[in-house]
Amino acid sequence: MTATPLAADLPASVRAEPGAGGLPRLVVDGPEASAEVYLQGAHVASWVPTGEDPVLWMSARSAFTPGVPLRGGVPLCFPWFGADPAGGPQHGFARTADWALLDAHESGAEVVLTLGLSDSPASRSSTWPHRFDARLTVTVGRRLTLALEVRNTDDHAFSFTEAFHTYLALGDVRTVTVGGLEGSPYVDRLQPADQQEAAGRPLTIDRETDRIYARAGAITVDDPAGRRSLRVSASGAADAVVWNPWVAKSAAMADFGDDEWTRMLCVETGTVPSVLHEAAHNLGPAHQYKANGKIDRDAFGGPLASTLEELKAQTAALYFTDWLVEKKECAGLLILICSKRLQVTHELKPLRFTTAQRVQRLTERQITQPHRFKSG
Ligand code: TA6
């Protein structure tokens with residue numbers, strides 16, 4: 001795999017520098033967001049949409065030491081998730097390996113970094129001795145996208161599992177609601193590894209949580225204390241993992257502050273081993289596997305805006321264009337129809353009625369409340 005491009009090759013919005021602990025990192029300062037990516041593990045350590053709070057959580061106690069995984073951001077678990085039956089490091093070797101920066105460019109308002117990792121003497125003598133090329137493409141913008149590609153460059157098939165072990169930053173995990181997993185069977189990794197039936201309701205976090213879900217669609221985390229809703233979606237990933245260490249486990253981890261558990265939740269996407277399904281990806285020689293993960297967010301409503309100004313302050317200008325005031329004449333009455341948002345879910349939806357619906361509502365009210373429509 002080609003050497004790291006020199007600083008000269010980097011676009012103006014990217015700089016390469018020694019980061020915490022002297023670990024090499026790339027700092028992205030794009031028009032829509034900033035980010036930090038460590039070459040160790042191709043680890044996205046921070047992503048901050050412009051004018052907003054950080055979306056990824058990083059422990060104040062995280063190690064920034066060669067060969068030790070960072071505690072926070074988006075660790076990439078590969079070529080296995082969890083414990084390695086053959087005794088290799090938890091969550092694989094990719095998150096502590098040195099990746100090379102293959103490319104960095106701007107694409108409109110987004111900044112795109114591609115990092116690469118191939119088998120090495122160390123990996124070939126590990127419990128997973130296969131020849132491979134892995135690439136992680138990180139797109140930094142209003143949304144954060146990670147795309148993993150794995151190519152089998154060996155002369156035999158191999159299998160692997162993987163996950164984006166995303167640490168989301170929250171206002172308070174005790175008041176969040178996790179949606180999108182209601183219909184998914186899961187495995188509670190703190191209980192005997194049997195399959196549990198779908199809960200049928202959004203998940204709330206009120207204790208140590210470590211679950212693998214058969215993933216369906218996007219997962220949302222409504223975070224009233226953080227006044228926003230975060231959304232994690234993915235393709236090529238069969239599972240989602242939800243993890244919060246709570247009190248005791250936090251205290252037991254050296255690289256995790258005792259009280260930090262209230263401010264984070266891992267919502268991970270990937271294909272991980274469990275009884276839910278045959279997990280591993282089997283890749284034949286010269287074959288390639290692709291998966292990607294996206295993180296997005298919306299402002300979380302809190303109290304309904306009572307003035308247009310408040311609404312504008314609460315929600316991104318982007319939405320404001322939807323505020324619609326229509327005038328209609330009906331039965332000699334001037335009707336002002338305002339389409340106004342109703343912030344009840346994690347996604348803001350404008351409340352709109354078709355003309356027919358409006359006329360019907362009006363007629364209904366004329367019938368049920370004739371006194372309100374008496375002319376003169
Ligand atoms: O993804 C959840 C999990 O597997 C938990 O069981 C917990 O161990 C967490 O990952 C952190 O793992 P790490 O190896 O980073 O300490």
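Worth knowing before you read on, the calculation uses all heavy atoms, side chains too, and leaves out hydrogens, waters and symmetry mates. As the structure is a prediction and not an experimental result, all values here were calculated from the model. Both counts, for ligands and for their atoms, begin at 1 and track the order of listing.
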Is E149 paired with R135 through a side-chain N to carboxylate O contact shorter than 4.0 Å? no
Within the protein, flag every N or O under 3.5 Å from an N or O of ligand 1, and note the pair and distance.
unit_1, atom_1, unit_2, atom_2, d
ligand 1, 1 (O), H165, NE2, 3.0
ligand 1, 1 (O), E268, OE1, 2.8
ligand 1, 1 (O), E268, OE2, 2.8
ligand 1, 4 (O), H91, NE2, 3.3
ligand 1, 4 (O), R189, NH1, 2.9
ligand 1, 6 (O), R189, NH1, 3.2
ligand 1, 6 (O), D210, OD2, 2.5
ligand 1, 8 (O), Q90, NE2, 3.2
ligand 1, 10 (O), H91, NE2, 3.1
ligand 1, 10 (O), H165, NE2, 3.0
ligand 1, 12 (O), Q90, NE2, 3.1
ligand 1, 12 (O), H91, NE2, 3.4
ligand 1, 14 (O), Q90, NE2, 3.0
ligand 1, 14 (O), R95, NH2, 2.9
ligand 1, 15 (O), R71, NH1, 3.0
ligand 1, 15 (O), R95, NH1, 2.9
ligand 1, 16 (O), R71, NH1, 3.3
ligand 1, 16 (O), R71, NH2, 2.8

Does a donor on one side chain sit under 3.5 Å from an acceptor on the other, for [X] and [Y]?
X: D222; Y: S229; value: yes
X: E106; Y: S13; value: yes
X: E268; Y: Y167; value: no

List, by chain and number, the other hydrophobic cluster members for Y38, where Ile, Leu, Val, Met, Phe, Trp and Tyr join if side-chain heavy atoms come within less than 4.5 Å, directly or indirectly.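 So far as hydrophobic clustering goes, Y38 is joined with L23, M58, F64, L70.
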Is there a donor-acceptor pair closer than 3.5 Å between any side-chain N or O of T50 and the backbone N or O of P31?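 Present.
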